[in-house]
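To start, the structure under review is shown below, and the notes come after it.
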Protein chains: 2
Amino acid sequence: MTSETHVLSGDDLLAQLAALDNPHRLRIVAALASGGRNYVSQLARDLGISRPLLHLHLQKLEAAGLVSSQLELSQDGKALNYFAVTDFKLELSPALIATAAQTLSTPE
Amino acid sequence: MTSETHVLSGDDLLAQLAALDNPHRLRIVAALASGGRNYVSQLARDLGISRPLLHLHLQKLEAAGLVSSQLELSQDGKALNYFAVTDFKLELSPALIATAAQTLSTPE
DNA sequence: GTCACATGTCAACTAATGTTGACACATGAC
DNA sequence: GTCATGTGTCAACATTAGTTGACATGTGAC
């Protein structure tokens with residue numbers, strides 16, 4: 001195995017920040033962290049938001065690697081898409097940002 | 001002295017995330033972290049963005065407590081507004097978010 | 001006075017994001 | 001078959017954020 005620490009690119013950092021910069025998405029992460037894994041419709045009911053909206057937010061969180069999904073079949077045959085939070089750990093400091101900003105791909 | 005650690009509110013966390021969720025603002029923090037304090041017009045030239053735009057971004061960063069400003073007079077009498085980065089340190093994890101999300105003030 | 005530099009602010013436009021409601025599809029229970 | 005549950009997607013609208021250019025202010029040097 002490699003002992004190499006994954007170096008966060010500026011774009012990845014930005015994607016993670018963008019994913020967390022939203023009260024709904026903070027609550028989604030919080031709900032999954034506290035209550036454990038859950039499937040979309042149930043989570044929408046728990047949080048009191050519409051399913052399409054939750055779906056889009058989960059999509060953004062998953063694209064940033066902060067949550068993961070797994071499609072399963074319930075005993076009565078329904079397809080349930082379970083989401084769980086990744087145990088990410090992001091150390092945000094001026095030094096880290098200075099490093100990550102060097103690999104930002106924003107032309108102008 | 002108190003050994004109390006400052007507890008981050010959900011709204012403060014969200015403000016800091018919102019402040020960093022932008023390529024320009026990441027570059028601003030990076031420039032101040034690497035090159036030290038700087039005043040608005042010079043920083044705008046260094047980064048290649050317009051001064052009004054930089055002003056708005058600095059405003060948002062300062063509101064989140066990530067940078068601080070200090071108005072000074074140059075030797076030839078010009079008023080220079082110097083900005084410096086705060087040495088913030090934000091440990092972003094599911095557990096922290098679960099805690100902070102409890103104090104989010106977003107009604108609906 | 002004019003010029004060059006610094007500061008900030010404002011309205012107006014563009015671009016990105018969030019949100020909703022309706023749609024289509026599949027399954028088991030009745 | 002119908003109903004209730006689950007899945008996803010899409011166009012359309014509402015809201016927010018980003019960006020620009022012009023404006024007003026101040027100073028010292030010439």
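Letters A, B, ... mirror the listed sequences (proteins, then strands); counts begin at 1.
For residues 67-76 of chain B, the side-chain hydrogen bond (donor to acceptor under 3.5 Å, both in side chains) pairs, not counting sequence neighbours, are B/Arg37-B/Glu72, B/Glu62-B/Ser69, B/Ser74-B/Asp76.
Between atom CG of residue A/Leu104 and atom CG of residue A/Leu14 there is a gap of 6.5 Å, rounded to the nearest 0.5 Å. Taking CD of B/Gln102 as the start and OG of A/Ser34 as the end, the distance is 7.0 Å to the nearest 0.5 Å. Atom CG of B/Leu53 sits about 4.0 Å away from atom NE2 of B/His57, to the nearest 0.5 Å. Rounding to the nearest 0.5 angstrom, the gap separating the CG atom in A/Leu90 from the CG atom in B/Leu90 is 8.0 Å. Put simply, CZ on B/Arg27 and CD1 on B/Ile49 are 9.5 Å apart, with the number rounded to the nearest 0.5 Å. Taken from OH in A/Tyr82 to CG in A/Leu43, the straight-line distance is 11.5 Å, to the nearest 0.5 Å.
At distances below 3.5 Å, not a single donor-acceptor pair connects side-chain atoms of A/Arg25 with backbone N or O atoms of A/Leu20.
Counting only heavy atoms from C-beta outward, the side chains of A/Asp11 and A/Thr103 never approach each other to under 4.5 Å.
Shown for residues 44-59 of chain A: residues whose heavy atoms fall under 4.0 angstrom of DNA chain C, namely A/Ser50, A/Pro52, A/Leu53, A/Leu56, A/His57. Within residues 32-40 of chain A, no residue approaches DNA chain C, by heavy-atom distance under 4.0 Å. DNA chain C is contacted by A/Asp76, A/Gly77, A/Lys78 of residues 63-83 of chain A, taking any non-hydrogen atom closer than 4.0 Å.
Applying the salt bridge (Lys or Arg N to Asp or Glu O under 4.0 Å) test to A/Arg51 and every residue at least two apart in sequence or in another chain returns nothing.
The shortest heavy-atom contact between A/Leu8 and A/Leu13 is CD2-CB, 3.6 Å.
A/Gln42 and A/Asp46 share a donor-acceptor pair across their side chains, judged by distance under 3.5 Å alone.
We find that CZ of B/Arg25 is positioned 9 Å from C1' of D/dG18, with the value rounded to whole Å. Here D/dA17 presents its P atom at 8 Å from CG of A/Asp21, a figure rounded to the nearest Å.
In the 5' to 3' direction, nucleotides of DNA chain C lying under 4.0 Å from heavy atoms of chain A begin and end at C/dG18 to C/dG28.
Remark: B/Asn22 is in phosphate contact with D/dG18, judged by side-chain N or O atoms under 4.0 Å from OP1 or OP2.
Just one of B/Thr86, B/Leu32, B/Ile28, B/Asn22 meets the side chain to side chain contact (heavy atoms under 4.5 Å, CB included) condition when paired with B/Leu61; it is B/Ile28.
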